[in-house]
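Worksheet for the structure shown next.
Because the structure is a prediction, the values reported are computed rather than measured. Residue numbers start at 1 and run along the sequence shown.
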Amino acid sequence: MRFLITAGPTREPIDPVRYISNRSSGKMGYAIAEAATENGHDVVLISGPVNLACPCVAKLIAVSASDEMFDAVHRHVPDCDILVMCAAVADYKPANISPGKIKKHDDKLSLELTPTHDILASLAAQDRQFLTVGFAAETNDLQENAQKKLRAKNCDIIVANDVSHPDFGMESDENEVTIFFRGGEIKTIPRAPKKIIARKLVKIFTDMHENCLTKKMP
């Protein structure tokens with residue numbers, strides 16, 4: 001199968017030296033890319049800025065800002081069977097980027113922020129021929145928020161994790177995830193190394209894709 005996977009954070013520039021970003025390490029997305037490759041699948045990985053070794057995938061596309069990730073996903077999604085949106089794309093970006101470094105002053109500084117392109121939402125209305133997997137990083141009301149995202153973004157699967165834990169999740173080699181399916185099923189993968197979770201997720205994704213194809217056959 002052909003996987004298109006996004007991973008890592010995005011950086012939304014304020015000026016030539018500053019940006020808005022988040023704590024995503026990219027480890028979960030890279031682990032999924034590696035697990036899919038190990039299983040013989042064709043993988044295109046769109047990665048934000050991370051400090052990780054380049055995985056042995058068919059194609060690695062490096063991006064920085066959310067607009068670049070938006071364009072890269074739309075360019076490659078028609079050729080995939082399974083889309084895995086694991087990247088932590090910034091929700092907001094500065095409305096204006098300063099061409100020069102903003103100098104420090106004694107006065108307060110306010111930044112006007114504008115919403116970034118919602119990549120999953122932009123794909124929601126399409127007559128999709130690919131399985132769509134979204135990720136939800138939550139600090140509270142995990143099930144409610146994940147199921148809301150599943151419906152709003154028209155995903156087939158949402159993989160949610162609680163990022164309020166200080167010792168696993170973001171920036172860690174371990175994770176714990178809850179998987180929400182379009183049909184209402186819920187499955188939990190307890191705390192484990194992200195590489196082990198990734199192997200289980202790849203199997204879940206490919207099994208669901210095969211089941212969907214079977215249902216479409218006359």
Side-chain angles (χ1 to χ4, degrees), residues 1 3-11 21-41 43-57 60 69 82-91 119-120 131-153 155-211:
M1 292 184 192
F3 276 74
L4 177 61
I5 301 170
T6 68
T10 61
R11 293 177 177 176
S21 192
N22 57 65
R23 291 172 47 210
S24 172
S25 65
K27 290 179 179 179
M28 192 73 253
Y30 272 55
I32 294 171
E34 290 173 1
T37 301
E38 289 171 359
N39 283 355
H41 302 296
V43 176
V44 174
L45 175 62
I46 302 172
S47 176
V50 297
N51 293 312
L52 298 172
C54 180
C56 295
V57 296
L60 174 66
M69 187 165 285
I82 300 176
L83 170 66
V84 182
M85 291 292 297
C86 193
V89 181
D91 295 318
I119 302 175
L120 272 176
L131 187 80
T132 302
V133 180
F135 276 67
E138 304 293 343
T139 57
N140 58 279
D141 302 320
L142 183 144
Q143 180 168 337
E144 179 183 346
N145 289 331
Q147 290 177 328
K148 181 179 179 181
K149 185 172 184 176
L150 180 75
R151 295 188 296 269
K153 306 299 174 67
C155 292
D156 299 296
I157 296 173
I158 287 287
V159 180
N161 68 305
D162 185 343
V163 294
S164 65
H165 294 286
D167 53 345
F168 66 92
M170 274 195 161
E171 300 177 297
S172 170
D173 291 329
E174 294 186 334
N175 208 355
E176 177 178 291
V177 301
T178 304
I179 307 156
F180 298 86
F181 298 84
R182 179 190 290 274
E185 182 186 357
I186 301 174
K187 183 179 294 186
T188 297
I189 301 178
R191 181 175 176 178
K194 287 180 176 178
K195 291 189 176 184
I196 291 176
I197 291 177
R199 295 186 190 111
K200 294 180 179 181
L201 288 175
V202 167
K203 186 176 189 314
I204 289 170
F205 302 159
T206 54
D207 286 350
M208 186 168 182
H209 182 270
E210 290 173 355
N211 290 337

Heavy-atom distance under 4.5 Å between the side chains of [X] and [Y], does that happen here?
| X | Y | value |
| --- | --- | --- |
| Lys203 | Asn39 | no |
| Leu120 | Phe135 | no |
| Val202 | Ile32 | yes |
| Asn161 | Val163 | yes |
| Pro55 | Thr37 | no |
| Ile46 | Met69 | yes |
| Tyr30 | Ser47 | yes |
| Asp173 | Lys27 | yes |

Nearest 0.5 Å please: distance from the [atom1] atom of [X] over to the [atom2] atom of [Y].
| X | Y | atom1 | atom2 | answer |
| --- | --- | --- | --- | --- |
| Asn175 | Ile196 | CG | CD1 | 12.5 Å |
| Lys195 | Ile197 | NZ | CD1 | 13.0 Å |
| Lys149 | Asn145 | NZ | CG | 10.0 Å |
| Phe181 | Asp156 | CZ | CG | 10.5 Å |
| Glu176 | His165 | CD | NE2 | 6.0 Å |
| Met1 | Glu210 | CE | CD | 4.0 Å |

- Apply the test side-chain contact (heavy atoms from CB on, under 4.5 Å) to residues Ile179 and Leu201: give CA-CA distance (whole Å), side-chain angles for both, the deciding distance (0.1 Å), then the verdict. CA-CA 9 Å; Ile179 307 156; Leu201 288 175; 3.7 Å; yes
Nearest heavy-atom pair of [X] and [Y]: which atoms, and what distance?
| X | Y | result |
| --- | --- | --- |
| Val43 | Ala36 | CG2-CB, 3.6 Å |
| Ala88 | Asn22 | O-ND2, 2.9 Å |
| Cys54 | Leu60 | SG-CD2, 3.4 Å |
| Ala7 | Ala87 | N-CB, 3.6 Å |
| Pro9 | Ser24 | CD-O, 3.5 Å |
| Ile158 | Ala136 | CG2-CB, 4.0 Å |

- Item | Residue pair Ile186, Gln147: steps toward the side-chain contact (heavy atoms from CB on, under 4.5 Å) verdict | CA-CA 10 Å; Ile186 301 174; Gln147 290 177 328; 3.8 Å; yes
- Message: Run Ser25 and Lys194 through side-chain contact (heavy atoms from CB on, under 4.5 Å) and show every step you take.
- Response: CA-CA 12 Å; Ser25 65; Lys194 287 180 176 178; 4.3 Å; yes
- Query: Should we count CG of Asp141 as having more than 12 external heavy atoms under 6.0 Å?
  - Reply: yes
- Note on the structure: In Leu83, Val89, Thr6, the residue satisfying side-chain contact (heavy atoms from CB on, under 4.5 Å) with Ile119 is Val89
- Run the numbers on Val159 and Met28 for side-chain contact (heavy atoms from CB on, under 4.5 Å), then give the verdict. CA-CA 11 Å; Val159 180; Met28 192 73 253; over 6 Å; no
